[in-house]
Every structure is written in C-alpha cells, then in structure tokens.
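I have placed the structure first, in the form of structure tokens, so that the comments after it can refer back to it.
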Amino acid sequence: MEGSQESLAFRELDQRIQRWIWSQGWNELRDIQEAAIPLILAAETDVIIAAATARGKTEAAFLPILSALARRPDAGVRTLCVSPLKALINDQFRRLEGLCSDLGIPLYRWHGDVPASFKKKLLRHPEGVLVITPESLEALFVLHGSQVGSLFEGLAYAVIDELHAFIGTERGRQLQSQLHRLELVIARRVPRIGLSATLGDMNLAREFLRPGGSAAVRCVESSASRQEVRLQVRGYRRAAELKDQLGAAREAAEAPEGEIASHLFTTLRGTTNLVFANSRAIVEQYADRLRRLCKDLGVPNEFWPHHGNLSKGLREETEAALKDRSRPGTAICTTTLELGIDIGAIASIAQIGAPPSVSSTRQRLGRSGRGGGPAVLRAYIVERELQRDSPLGDALRVQLIQTIATIDLLLERWCEPPLPVALHLSTLVQQILSLIAQHGALRAAPAWRDLCERGPFSSLRREQFVGVLRSLSRHGLIQQDHSGELVLGAVGERLVNHYGFYAAFTSPDEYRIVADGRVLGSMPVQISLAVNGLLIFGGRRWRIVRIDPQQKTIDVQPAQGGRPPAFVPTEAPPVHDALRRRMFEIFRETAVPTYLTDRAMALLAEGRDNFARYRLAEVRWLAEGDAVLIFPWCGDRILDTLGLWMRALGRETVSYGIALCLARTTESEAGHLLETMAASEPPSGSELARAVANLRREKFHPYLDEDLLADDYATSRLDLAGARETVLRLLEPR
DNA sequence: GACCTGCTGCGGATTG
C-alpha cells in the first residue's frame, strides 16, 4: 500500500473508497487512475480516459465519481453511464456492485433484458448510478418525457463507455443528441467522461465528446510501456480451378483451407485464443473443420464459433469456454469479440484473410498478451495460383501487400480516424420525432436551435432543416396544429409508438434456426433454403426438416454433411487513403519483412515482380483488353468519388479497389478524360450522389426527399477535395 | 465487396 499512501490522488479519494482499494490488495494506482482522479473530482471539465482493454479505465472513472457521490448525497440519478452492449453493462454492473453497496450508493442497470420491475423502481426513486444503452435512454425520453427533468435534476456526471465504438456512427450521433437534450432539460452542463480505446487522433474524440467545446476536454492516456508484438504472416496458394471430364469446375483436393485449419489446430490446441475471420460464413466453415479435427483425433472439442447471427445461448457457450481456466478453448469469431467483453487472458490472435482495417487489428491485438507477455498475431493469407489470364489484382498479391501495409501502420501506431462531417439525416429524423414525443409538441424555431444551431447536427444548413421538416410533413410523420406547433402525424404516431423506434440503425428480417426446441440463431429471409437441405450453423452440421414462413422459423436436425449459409453481405469496409499509399510504397521497396513465412516471401516477390513488369511505379494508367485501369493509389472514398465523377462525364467505371476500371477506352482517351477533369471544377457531391442507385440506406431515409438523401450520401461517402487532388497527382510528370 | 449493436407494454397462463 506504500504507493497508494504516497499518492496524492489516493489521498483525495473518500476514505471508504481508500479502504476498498486496500481490501482489493492493490499496491498502487495505475497511471491513468492517478491522472484521472483529480480531474474528475474537480468536475470542471470533460475528460477522456484512453487505454487498452483491461487497463483499469472503469476504476479510473468510477473511483473518483463514487467518491464525489458519497460525499455529497443528492436526489435523483447522480451518474449516467451509457454503454453500447448489454453484455458490457452486465460486466460493469458486476464490477461496481460491491463497491457501490459498501458506499450505500444504489446501482441500476437498464436494458432490454432487465425486468420492468427494476425500471419502475428507479422511476419511483431515482438515485445513484444508472448504466443504460442508448436505445433504452431513447425509450425513457419517449415514454417518460415529462419525468426526464426530475429524474436527472441531480446529475453530476455522464459517462460514455467504449467511446470509440460510437464515434462516426448513427448511434454515436444519437448519443450526442441525447446528452445535449438531457443538459437542455436540466438547464446545466454536466461533465462528460469518455472511456476509450487508444485512438489515432484524440482531437476527433474530444470533438465528439463535447461538440463545439473540444478545446477544454482533458485527455488522460495510458503511458504504459509499449507491448511487445510477435508477428507471423503465412502465405497460401489456391490452385487454379480444375475441370473434370464433364467440364464442371471443381476445387483442387489440396484446398488451402484444409492446410490452414490443420495449422490452426496444431498451433492453438491446448491454449486459449481468438481466430478472427472476415465473414460469418468463414467462421462457420472453420468452426466445423476444427471441431471435426478434434473428433477425428478422439479428443474433446476446443474450437467454438462466435458471430452476430448465433443465439445468445450459443455465444455464451463460447464465452464460457474462453473464460474457463481449467481447459483450453479457442473462439472462431467476427467483430463480436473485438469489444471489451470480459473473456480473460488470451494466448494469441489469428487473422484469416487480410485484416479489415488498422484500427480493428489494433483492437484485436489488444485482446492478447495480458499480464506483460507479448501479444501474438498470426495472419493467414490465401492468394490464387497465377494463370495466363489472371486478373492484375491477383498478380499483384493485393491481399498480402495490404496485410503488410496494415502491420506497418499498426507498428507506427497510426489508425483510421473516424469521419465527423456526415449529416446523419436519418438520426436527425429520429431525434425530431423523439423531441416531439418528449414534449408533446414542438415549435420549428427551438427545434432548429436545439438540434442544429447549438446541437449535434451543426453541419446542417437552415434550408436543409426546413427541407427535412417539409419531407416529414409530406410523409405524414409530423403536422402543424392550429397554433403553429409541430405534432406527430398519423405515420409518426405509428412509428414512435412501436418499440422498434428507439434504435437509430436498421436490422433485416430474419428466420430463427431451431434444433429440438432450442434456438441456435438467425439467418436473413432472402436465403433460398429447402427442406432436406444441409446446413452448417453454430459450427455443427444440420439437415433442414421444416421451414415455416409464418412463424419465420427453420427446424433442423443433426446431419453428416452441410455448408455454411450465405449470409446477406453488407457493404465492404472502405480502405483508407493512408493504407493504399503505404501499399504503393511497399510495392516499390525491396525490403522483406522478417515475419513472413517462405511462401509469403515468394508471394511478395511475385507481387513486386508483376508491379515492376507493368511499370506501375511510373505508369498511372494502362490498357487491359478494351478497358483502361487507372492506379491512383488512394482510399476507397476518393476512388468511389472519381468513379462517380467519370460517370457524370458519360463514362462507365468499376472500382477494383486497387484500380479504377474505365470500360471501352484507350489509354489516350483516359489521359484526355483526366485532363478534362483537371481543367474543370468537379460537380458538387450532391450532384454526383444523384446518380447513385439506392440512396435509402438508413432507417428513416424512406421519409426524406431525394435531394436531402443526395446531400446525406455526399457528406458520408464522398471526398471531392481528395478526388480533385488525386486527378492533379495522376497528371503530374514523373 | 464486412462486421456489429438495440427495443415496450400488455395480455394471458401459471404458481404460491
């Protein structure tokens, strides 16, 4: 306890908290705790606490918060903590339970699985600490709007857990709006405490936490020494498709998946690991292969699937296998295990396929190597065997080069910044309806002031806001009563009064998969499945025995064969500009990273040879058949913007990620096109967006007019300045 | 050419 006694921060805490720290057997406070305690106790500024998972962020916030609450008892909810996951709320509840009860501070959790009786109790006696989801908070505004003031009149702190998970998303904008509305109701500013993973650009996190007031937000970042990282990137080749005697294509017997599965099996068996795959179908495929390898060897299964379409029960089975220290267990998973759910120590991380981004790779790696040990990452990259007519993307070994570029940027501690400029009109619609429900009615002028002028939707122009109100009125969501106030229209009433209203995001219709009365999970309704069809789901093999379109259920029984269902893919993650630029540099360099296996080295050499053969260090576009490939080495947002710009000039384009393909064009025509673009101002983003086929991507988009949707698309998906700069760069002499 | 997240009130049956 010597460290604690010497610490100034420790002495500032309430004595009962000091005793609790003693009782935990802690020798000293962590650096972020030392730094955060005085800032939070002073309660004069907003604070961001940034550190990797399991570095004591929750305590850094709650030791001083509970200290302050214990000293100044007051009526109403004193601390609001908003968290993105029900599972995280339950984790946090368990961690704070003992401390809160020692201090006599009531602790409430509120989400969809919490019984209504607990919620009623809080509404009757608002007090203490409330941990809640954004959706449940929205329900509070809609269903108990007149009570919000009295519930939160004594609010001392607003905590946002996993701040990084909210930044740049619809849900994040919803949360900003909710915190702002709360401060409006109680007519006072409440200190905000954001708990975040370490981010590339802390200024964006500051601006997110306190829009318009980021300069005063204090940041506490962990200075804990950089963790050692052990890396291996393994290369695999997929043989070209063979034709059998009937001419049907079939995969070569030695598919790389089998090889990867055996390597995972021998390397990971006996320890606890996370294997990240890039899609749910791939998770299912490997979970099934690895389970069978265990079975073939006659040993207990050690491999468990985890993804968003598996039922809560199956996911909890996997989480329990990870937490169980008495036996090894490895999860094959998607992003579901990226966020900070408590799963204990993890020996290593595997990544199948190129990682989706630098930031998610950092999150994944942060899961491994607790307790001072090195973090271990193995990446498994498959490239196709080349043939004479192989596409250039295969010849360049893009998957492998992208993986190397990702690791480069990761080691430089760079990561993708979120995009803060989007209008988020869908969420604005939700918040307008919610405000009307909260107050019963609303005038247009204060709505503009509270949501846009001084609120979180500050990038809207006044005429855009008026356009939104007109759209909503035309679609029956709102109407003006005789005194000029906005009230809900018939359609608006129906939307707001359905429980589906509270989430800012959409979700697809799904069938439930049921085996012997137990729900295994769900799948989208678009899939074409037939009775007696075979299926891999939850890492096991099934036969479909019944499909009920009315009940939306699929009944299955255990079977011998099967394949993973085709989950409806969403949009791919955009590759960031910095990553593509780094890929270009890697192609031009000759250095070979030491973490590559021999086969990965050979693939890298092939990629570089082909890059040199096509002279891509000098040439910016080249003919392929009757098309031209343009290589701007820029991120996907700029590439998509360039594609739309060329389409506006009457050209047909397809984005290959690594290149932009101009159909039916010669090299000199491509040059002329770029010169034309360089000589003129680009059209506006909204003009370009009008050519996009489906602009209605988000929940409340169906109630907005086309021109607003085009504005929304342009601000969230396009980069005009970047596109113009890229055109000029493509024409620079080299 | 990917992934993920969330949700109320009420009616009716069952149990102590």
Side-chain angles (χ1 to χ4, degrees), chain A residues 82-89 110-120 123 132-144 161-162 164-175 178 276-284 305-310 312 315 332-341 351-357 359-361 363-364 391 393 398-399 402 427 430 434 437 495-508 510 521-522 524 566-575 635-637 639-640 643 654-659 661 698-699 717:
Chain A
V82 186
S83 174
L85 299 181
K86 291 187 284 189
L88 285 175
I89 291 177
W110 185 318
H111 57 65
D113 299 342
V114 171
S117 55
F118 290 92
K119 300 174 182 171
K120 286 193 184 115
L123 290 171
I132 194 168
T133 59
E135 289 72 23
S136 286
L137 188 54
E138 200 67 60
L140 215 67
F141 275 115
V142 170
L143 300 170
H144 306 280
D161 196 18
E162 307 276 357
H164 57 277
F166 288 111
I167 301 176
T169 68
E170 291 295 325
R171 228 176 161 204
R173 185 59 66 85
Q174 175 187 26
L175 176 56
Q178 292 172 326
F276 287 96
N278 289 344
S279 79
R280 291 161 287 185
I282 297 174
V283 165
E284 289 291 351
H306 198 284
H307 61 72
N309 283 67
L310 294 179
K312 195 173 172 225
R315 288 203 238 178
I332 327 294
C333 59
T334 58
T335 53
T336 42
L337 287 178
E338 237 171 60
L339 273 189
I341 303 169
Q351 164 72 42
I352 301 176
S357 69
S359 57
S360 74
T361 309
Q363 284 281 114
R364 291 171 183 192
V398 169
Q399 299 298 309
Q402 189 173 324
T427 304
Q430 183 206 36
S434 177
L495 282 173
V496 171
N497 290 328
H498 188 271
Y499 71 89
F501 173 75
Y502 310 124
F505 52 87
T506 51
S507 45
E510 288 180 331
S522 63
F567 296 95
V568 176
T570 50
E571 249 166 298
V575 172
D636 279 338
R637 279 179 68 224
L639 209 60
D640 289 348
V654 186
S655 168
Y656 291 159
I658 192 86
C661 178
E698 278 154 16
K699 188 168 174 182
R717 305 285 285 272

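All chains are named by letter (A, B, ...) in the order of the sequence lines, taking the proteins before the strands, and each is independently numbered beginning at 1.
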Checklist entry - Which pair of non-hydrogen atoms, one from A:Ser83 and one from A:Asp161, has the smallest distance, and what is that distance? => result OG-OD2, 3.9 Å
Checklist entry - Can you name the nearest heavy-atom pair linking A:Ile132 to A:Ile89, along with the distance? => result C-CD1, 3.6 Å
Item to check | Touch class at under 4.0 angstrom, heavy-atom based, for A:Asn497 against every strand present | outcome: nothing
Next on the checklist: With rounding to the nearest 0.5 angstrom, report the CD1 to NE2 distance, A:Ile332 to A:His306.
Outcome noted: 12.0 Å
Checklist outcome for this item: Per-nucleotide protein contact along nucleotides 3-16 of chain B, 5' to 3', at a 4.0 Å heavy-atom cut-off (B base, S sugar-phosphate only, - neither), is BSBBBBS-------
Item to check | Trace of the side chain to side chain contact (heavy atoms under 4.5 Å, CB included) decision for A:Gln430 with A:Glu170 | outcome: CA-CA 10 Å; A:Gln430 183 206 36; A:Glu170 291 295 325; over 6 Å; no
Checklist outcome for this item: Scanning both residues in full, the closest heavy-atom pair of A:Leu337 with A:Phe276 reads O-CZ, 4.1 Å
